[in-house]
> 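My structure is below; once you've seen it, I'll send some questions.
For clarity, every value in this text was computed on a predicted model and none was experimentally measured.
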There are 2 protein chains.
Amino acid sequence: MGSRQRVPFRFRLDLHSGVPVYRQIIDQVRGGIASGSLSVGDQLPTVRQLAVDLSINPNTVARAYRELELVEVLETHQGTGTFISAQKIRGGGEERSRQLAQIVTDSVARAGAIGFTVEDLVEQLRGLVLEPSRRR
Amino acid sequence: MGSRQRVPFRFRLDLHSGVPVYRQIIDQVRGGIASGSLSVGDQLPTVRQLAVDLSINPNTVARAYRELELVEVLETHQGTGTFISAQKIRGGGEERSRQLAQIVTDSVARAGAIGFTVEDLVEQLRGLVLEPSRRR
DNA sequence: CTTAGTGTACTAGTATATTAGTACATGATG
DNA sequence: CATCATGTACTAATATACTAGTACACTAAG
């Protein structure tokens with residue numbers, strides 16, 4: 001019947017990746033949003049529940065959630081749970097700008113390392129706009 | 001003779017950025033290549049010289065250089081110095097393009113996760129060309 | 001008011017990252 | 001060979017990151 005199957009978003013850890021657990025959680029939430037698996041208003045597993053599922057300490061989950069809340073990707077309500085927040089697609093946000101700068105700096109460095117210029121990056125980006133078919 | 005005034009590439013540290021010193025060096029070398037300030041064959045300051053200039057330990061410089069050498073961005077010659085290596089600019093254009101696409105895809109995903117558009121990325125990139133290095 | 005569920009604060013142990021001190025190895029140069 | 005300039009190896013001190021233990025605080029619901 002009409003049950004909406006509120007799919008419990010699936011977290012998976014790779015303990016051999018060397019990537020901190022809390023960061024893996026962050027990445028998976030962000031990835032879920034980017035891919036559409038998570039939408040505004042969706043509730044995430046509770047701190048305790050996820051901690052049990054992944055066999056880690058609740059504080060580790062809390063840290064990931066808190067960090068995402070600081071960037072306003074999540075909203076937490078005491079006693080209720082943690083939810084995907086309505087992104088502030090617009091508006092200032094010092095931290096957001098900082099993050100964008102970080103992203104760009106990283107990509108420039110990576111591209112420069114294999115001999116590409118900033119212009120090459122821009123060109124590639126433009127190409128993406130015209131040819132959005134290739135989603136990953 | 002015919003001295004070409006090999007301009008000594010200028011390194012600058014931001015000790016309050018929280019970004020590790022060795023990483024700042026790496027980023028600046030890569031950025032220098034991307035921006036054209038550094039070209040294939042250029043010699044970098046010697047480990048000792050740069051250590052003195054920046055008031056840091058030679059090993060910190062060496063670490064940065066070594067890491068860049070592993071990725072084949074630099075070439076080191078004992079007793080001679082450290083140089084910008086001939087990039088794999090030519091050859092395997094396929095693989096290089098793939099890497100560029102990957103870099104762009106990553107940055108778009110990261111930016112998209114916090115509500116930025118491709119245009120925002122382009123704008124930020126343009127700004128970088130005019131005003132280098134400011135991290136964190 | 002009580003209870004059960006939620007996130008949070010504070011503390012601390014452990015690992016890892018970062019930088020520095022010091023001595024050594026290698027290659028160029030005369 | 002002697003010397004000097006270069007990068008390198010090894011060790012260690014320190015800071016920071018990461019995770020966990022434990023107890024607390026807020027909210028909704030009976």
> Reckon Thr80(B) has a side-chain N or O less than 4.0 Å from the OP1 or OP2 of dA5(D)?
no
> Which whole-number value in Å describes the distance from Arg63(B) CZ to dA12(D) C1'?
15 Å
> Just the rounded figure in Å: distance from C1' of dG7(D) to CD of Glu75(B).
14 Å
> Could you tell me the separation between the CG atom of Asn59(B) and the C1' atom of dT8(D), rounded to a whole number of Å?
8 Å
> Report yes if the side chains of Asn59(B) and Val47(B) come closer than 4.5 Å at any heavy-atom pair, otherwise no.
no
> Rounded to whole Å, please give me the gap between NE2 in His77(B) and C1' in dT8(D).
15 Å
> For the CG atom of Leu44(B) and the CD1 atom of Ile84(B), what is their distance to the nearest 0.5 Å?
4.5 Å
> With DNA chain D as reference, determine whether Ser55(A) or Gln49(B) sits nearer its 5' end, using the nearest nucleotide of each.
Gln49(B)
> Rounded to whole Å, how long is the line connecting atom CD1 of Ile25(B) with atom P of dG7(D)?
12 Å
> Between Thr60(B) and dT18(C), is there a contact of a side-chain N or O with OP1 or OP2 at under 4.0 Å?
no
> Can you measure Arg48(A) atom CZ to dG5(C) atom P for me and round it to whole angstrom units?
10 Å
> Under the side chain to side chain contact (heavy atoms under 4.5 Å, CB included) rule, what do Arg30(A) and Val71(A) come out as? Steps first, then yes or no, please.
CA-CA 11 Å; Arg30(A) 283 184 155 163; Val71(A) 196; 4.1 Å; yes
> Are a donor atom and an acceptor atom from the side chains of Gln124(B) and Asp120(B) found within less than 3.5 Å of each other?
no
> Would you say dG21(C) has OP1 or OP2 under 4.0 Å from some side-chain N or O of Asn57(B)?
yes
> Roughly, in whole Å, what's the span from OH in Tyr22(A) to P in dT16(D)?
15 Å
> Could you give the CD1-to-C1' distance, from Ile26(B) to dA17(C), as a whole number of Å?
13 Å
